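All of these numbers come straight from a predicted model, not from anything done at the bench.
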Amino acid sequence: MIGATVIPVICHTSLQMITIHHHHHNHSYMKRRDLALEYFPGKKPVEAVRNLRRWINNCPKLKEELLAINPNFFGLRYLTLTEVRLIKYYLGDP
């Protein structure tokens, strides 16, 4: 492990700390398409991404937190570990 970053993430009404470990050979990101396909496994990638975007838009608190992390969130192809964890926190595991 090269280092670790502690990021505060507001979850519902409590403040939780999420630690992201930075490994030399591991990536701290995930393709948006891959996460969308986990939630919508029978869909084409473009449809899965569209459906995931719709779910995020229908969860105002999640959308607010994602946009606070990165105002260009909806234009990204790769999600950070923090963004993935937030999505799974609010939407549940796929």
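R54 and N51 form a side-chain donor-acceptor contact under 3.5 Å, judged by distance and modelled atom types alone.
Taking the side chain as every heavy atom from C-beta outward, E83 and N70 approach each other to under 4.5 Å.
Judged purely by atom type and a 3.5 angstrom limit, R32 has no side-chain atom pairing as donor or acceptor with the backbone of V49. A distance-only check finds no donor-acceptor pair linking the side chain of E65 to the backbone of L62 [under 3.5 Å].
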**Request:** Check step by step if side-chain contact (heavy atoms from CB on, under 4.5 Å) holds for F74 and L66.
**Result:** CA-CA 9 Å; F74 288 103; L66 291 171; 5.8 Å; no

**Prompt:** Which is it for F73 and I56 under the side-chain contact (heavy atoms from CB on, under 4.5 Å) test, yes or no, and what are the steps along the way?
**Reply:** CA-CA 11 Å; F73 172 78; I56 292 170; 4.0 Å; yes

**Message:** Test side-chain contact (heavy atoms from CB on, under 4.5 Å) on L67 and N72; report intermediate values, then the result.
**Reply:** CA-CA 7 Å; L67 291 173; N72 297 317; over 6 Å; no

**Item:** Audit row: I87, W55, side-chain contact (heavy atoms from CB on, under 4.5 Å) steps and yes/no
**Value:** CA-CA 10 Å; I87 291 167; W55 280 19; over 6 Å; no

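Distance CZ/R53 to CZ/R50: 7.5 Å, rounded to 0.5 Å. To the nearest 0.5 Å, atom NZ of residue K31 and atom CG of residue L79 are 12.0 Å apart. To the nearest 0.5 Å, atom OG1 of residue T82 and atom OH of residue Y89 are 15.0 Å apart.
By the ring pair (Phe, Tyr, Trp, His ring centres under 6.0 Å) test, Y78 is found to be paired with Y29, residues two or more places apart in sequence or in another chain being considered. Residues satisfying the side-chain contact (heavy atoms from CB on, under 4.5 Å) test with R77, not counting sequence neighbours, are none.
Cluster membership check: L37 does not share its hydrophobic cluster with V84, using side-chain heavy-atom separations under 4.5 Å among Ile, Leu, Val, Met, Phe, Trp and Tyr.
Residues G92 and Y39 come closest through the heavy atom pair O-OH, 2.5 Å. In terms of heavy-atom proximity, A48 sits nearest to F40 at O-CD1, 3.7 Å.
Sorted by first and then second residue, the salt bridge (Lys or Arg N to Asp or Glu O under 4.0 Å) pairs with a member in residues 34-45 read E38-K88; sequence neighbours excluded.
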